[in-house]
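Let me begin by presenting the structure, written as structure tokens, before commenting on it.
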Amino acid sequence: MFRGAAKGLGGEALDVYADMAIDTCKGLVYLSDSGRFYPVGNTAALGFIGARPGGLLYVEFRGLVYALRVPESYAAQNLLLRAVDPLGDDFGPGKYQYPKNPAFKPGVFDLTLFELYDLGDKFRFQFRVKELGGNPWGGPAGFSLQFFHVYINRGGGVRNDTLGLRVSLCKEASWDVALLIGPGWTGGNRIVYADGVYVDDAMSIKLGTNNTIIADVPKKYLGNYDNKWKITVFLTSWDGYGPDNIRNFGVMADEWTVGGADPVAVLAGVAPRVFDVLAETAEMQVKALTSYKVVRLPNGTYIGAPAVVCAYLTGSAEMRTATVTQFVTITATATVTRTFTETYTTVSTQVATTVTSTERVKEIDWPTTAALTVAALVAGLLAGILTRRK
């Protein structure tokens with residue numbers, strides 16, 4: 001599909017890419033070609049051929065077939081939440097590198113904007129990325145690379161694990177429903193509840209304008225919105241062959257593997273499989289994603305506790321000029337029970353983490369990423385860790 005119109009209907013420069021323009025005064029449809037728009041039809045004809053708002057219209061023009069998404073009316077959309085994510089923070093804990101295959105264009109894992117709308121009988125979750133990257137593998141939803149995880153606490157959150165990201169959520173953000181929003185293949189259109197029950201293909205996932213991805217979720221799966229909802233958003237890399245449909249994150253980048261992970265975190269299984277977290281600043285993201293803890297046991301194996309992320313969105317659109325600054329102190333204790341022979345062959349490990357938090361109001365939309373303080377975890381794991389039986 002040809003892209004790259006650089007001028008508007010009057011020849012003025014545009015800081016956007018577009019395939020189609022509609023002059024609502026004259027009712028004309030324009031297509032872009034070589035940086036200019038040309039009229040190709042009248043909007044009155046759209047109803048005749050069955051195209052509907054939000055649907056696709058296929059048009060042949062100068063030997064090319066254009067797939068045009070008919071714009072939707074925004075009159076019935078009520079903005080509930082909106083948050084801007086910093087540009088250029090698609091490096092996870094700070095050093096992640098894209099895989100080397102040219103399909104992974106710069107910016108495809110850089111989340112820049114999140115919006116939640118009420119559309120009457122459904123919710124619209126809308127994500128903008130710096131670069132969509134096209135659809136190199138023909139994803140059913142119109143994209144191939146991105147995989148969004150959305151964890152929602154509707155007031156009864158009971159789980160703080162994540163579904164393959166290898167990070168945890170703080171107690172306040174514990175979820176009772178999660179949305180897995182991917183290219184549309186199996187596992188990439190899934191609503192998951194805290195008890196493990198899930199529903200596939202209930203969302204309508206599609207492309208929007210200006211590098212946006214849209215997921216419409218019928219309200220019957222989420223219930224009525226409350227401005228006390230807490231929403232945590234992650235962006236990772238889709239891989240239909242990877243565990244949990246997430247690409248492998250390793251120490252060195254290769255054609256299909258994300259690079260830059262901490263070697264000991266990889267060995268302990270706690271290297272976050274996340275490129276971007278919806279957070280106020282890149283520093284908050286890095287601080288959260290590097291909060292994992294790793295200990296090397298005397299037998300050479302590594303154990304660890306995953307990073308704890310406490311960067312959630314809450315409030316209402318009318319109150320988004322305010323945010324909440326949240327200070328979280330985490331006290332971690334570790335109890336390790338080991339039964340040994342002379343060769344140390346049997347190991348059983350349990351790590352327990354207790355979270356306490358206090359808040360003060362500064363702005364209402366954004367709790368900051370938790371300040372994670374885990375004192376003496378290593379000492380607690382190693383001190384008295386071995387009880388040896390002759």
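Starting from 1, each residue takes its place in the sequence as its number. Quick caveat: nothing in here was measured; it's all calculated off a predicted structure.
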Handout entry: Rounded distance [0.5 Å steps], CG in Asp244 versus OG1 in Thr162
Key = 9.0 Å

Problem - Leu116 CG to Asp118 CG distance, which is reported to the nearest 0.5 Å - result: 8.0 Å

Handout entry: Side-chain heavy atoms of Tyr96 within contact of Pro272, under 4.5 Å
Key = yes

Exercise for the section: Quick one: sort the Phe114 and Phe127 rings into parallel, tilted or perpendicular, breaks at 30° and 60°. Expected result: tilted

Practice task
Taking Trp238 for its side chain and Ile181 for its backbone only, find out whether a donor-acceptor pair lies under 3.5 Å.
Solution key: no

Handout entry: Geometric class of the Tyr98/Phe275 ring pair [parallel <30°, tilted 30-60°, perpendicular >60°]
Key = perpendicular

Practice task
Please examine the side chains of Tyr221 and Phe123, heavy atoms only from C-beta on, and report whether any two atoms are closer than 4.5 Å.
Solution key: no

Practice task
May I ask whether Val274 and Val251 are part of the same hydrophobic cluster, defined by side-chain heavy atoms of I, L, V, M, F, W, Y residues being less than 4.5 angstrom apart, directly or through others?
Solution key: no

Fill in the blank from the handout: In this structure, NZ of Lys206 is separated from CG of Asp216 (nearest 0.5 Å) by 5.0 Å

Exercise for the section: Measure from NZ or CZ of Arg190 to the centre of the six-membered ring of Tyr198, then state whether that distance is under 6.0 Å and the direction lies within 45° of the axis. Expected result: yes

Practice task
Go through Lys228 and Asp226 one step at a time and tell me if the salt bridge (Lys or Arg N to Asp or Glu O under 4.0 Å) criterion holds.
Solution key: CA-CA 5 Å; Lys228 295 181 181 179; Asp226 188 305; 5.7 Å; no

Practice task
Quick one: do Leu179 and Phe125 satisfy side-chain contact (heavy atoms from CB on, under 4.5 Å)? Show the steps, please.
Solution key: CA-CA 10 Å; Leu179 308 178; Phe125 292 79; 3.7 Å; yes

Completion exercise
Heavy atoms of Leu79 and Glu115 approach each other most closely as CD1-CB, 4.3 Å

Exercise for the section: Answer yes or no: is there a side-chain heavy-atom contact under 4.5 Å between Ser174 and Leu169? Expected result: no

Problem - Thr236 side chain vs Arg273 backbone, donor-acceptor pair below 3.5 Å - result: yes

Problem - Spacing of Leu113 atom CG and Asn210 atom CG [to the nearest 0.5 Å] - result: 10.5 Å

Problem - Arg128 side chain reached by Thr212 side chain, heavy atoms, under 4.5 Å - result: yes

Handout entry: Minimum side-chain heavy-atom gap Pro136-Leu145 below 4.5 Å
Key = yes

Practice task
Establish whether Phe143 and Phe104 are linked, either directly or via other cluster members, by ILVMFWY side-chain heavy-atom contacts under 4.5 Å.
Solution key: yes

Practice task
For Thr314 and Trp229, indicate whether the former's side chain and the latter's backbone hold a donor-acceptor pair under 3.5 Å.
Solution key: yes

Fill in the blank from the handout: All heavy atoms of Pro140 vs all of Gly184, minimum pair found to be CG-C, 4.1 Å

Problem - Any donor-acceptor N or O pair under 3.5 Å, side chains Ser144, Asn135 - result: yes

Completion exercise
Scanning both residues in full, the closest heavy-atom pair of Gly188 with Phe147 reads CA-CE1, 4.4 Å

Practice task
Report yes if some heavy atom in the side chain of Ile191 is under 4.5 Å from a heavy atom in the side chain of Val177; otherwise report no.
Solution key: yes

Problem - Heavy-atom closest pair, residues Ala253 and Gln97 - result: CB-OE1, 3.9 Å

Practice task
Grab the two heavy atoms, one from Ala282 and one from Asp89, that are nearest each other, plus how far apart they are.
Solution key: CB-CB, 3.8 Å

Problem - Rounded distance [0.5 Å steps], CG in Leu87 versus OG1 in Thr112 - result: 7.0 Å

Exercise for the section: Output yes when a side-chain donor or acceptor of Asp110 lies under 3.5 Å from a complementary backbone atom of Gly88, and no otherwise. Expected result: yes

Problem - Residues Asp90, Lys130: salt bridge by 4.0 Å N-O rule - result: no

Problem - Cluster check Val129, Phe91: I/L/V/M/F/W/Y, side chain < 4.5 angstrom - result: no

Completion exercise
So CG of Leu313 and NZ of Lys230: to nearest 0.5 Å the spacing works out to 11.5 Å

Problem - Aromatic ring pairing Phe234/Tyr151, orientation class (parallel under 30°, perpendicular over 60°, tilted between) - result: perpendicular

Practice task
Flag yes if Val294 and Val286 sit in one hydrophobic cluster, no otherwise; membership is Ile, Leu, Val, Met, Phe, Trp, Tyr, and two members link when side-chain heavy atoms are under 4.5 Å apart.
Solution key: no

Problem - Exam field: side chain Thr301 to backbone Leu297, donor-acceptor pair closer than 3.5 Å - result: no

Problem - Note, Ile214 side chain near Arg124 side chain (heavy atom, < 4.5 Å) - result: yes

Practice task
Return the minimal non-hydrogen interatomic distance between Leu111 and Asp85, and the atom names on each side.
Solution key: O-OD2, 2.8 Å

Exercise for the section: Without swapping roles, check the side chain of Gln285 against the backbone of Val277 for a donor-acceptor pair under 3.5 Å. Expected result: yes

Handout entry: Side chains of Val192 and Trp175 in contact at under 4.5 Å (non-hydrogen atoms)
Key = yes

Handout entry: Donor-acceptor under 3.5 Å (Arg247 side chain, Gly242 main chain)
Key = no

Problem - Gln146 side chain to Leu235 backbone, donor-acceptor under 3.5 Å - result: no

Practice task
Answer yes or no: is there a donor N or O on one side and an acceptor on the other, between the side chain of Lys219 and the main chain of Gly120, under 3.5 Å?
Solution key: yes

Handout entry: Val309 vs Leu289, side-chain contact (heavy atoms from CB on, under 4.5 Å): CA-CA, chis, key distance, verdict
Key = CA-CA 7 Å; Val309 175; Leu289 294 181; 3.9 Å; yes

Exercise for the section: Answer yes if Tyr302 and Val266 sit in the same cluster of Ile, Leu, Val, Met, Phe, Trp and Tyr residues linked by side chain heavy atoms under 4.5 Å apart, and no otherwise. Expected result: no

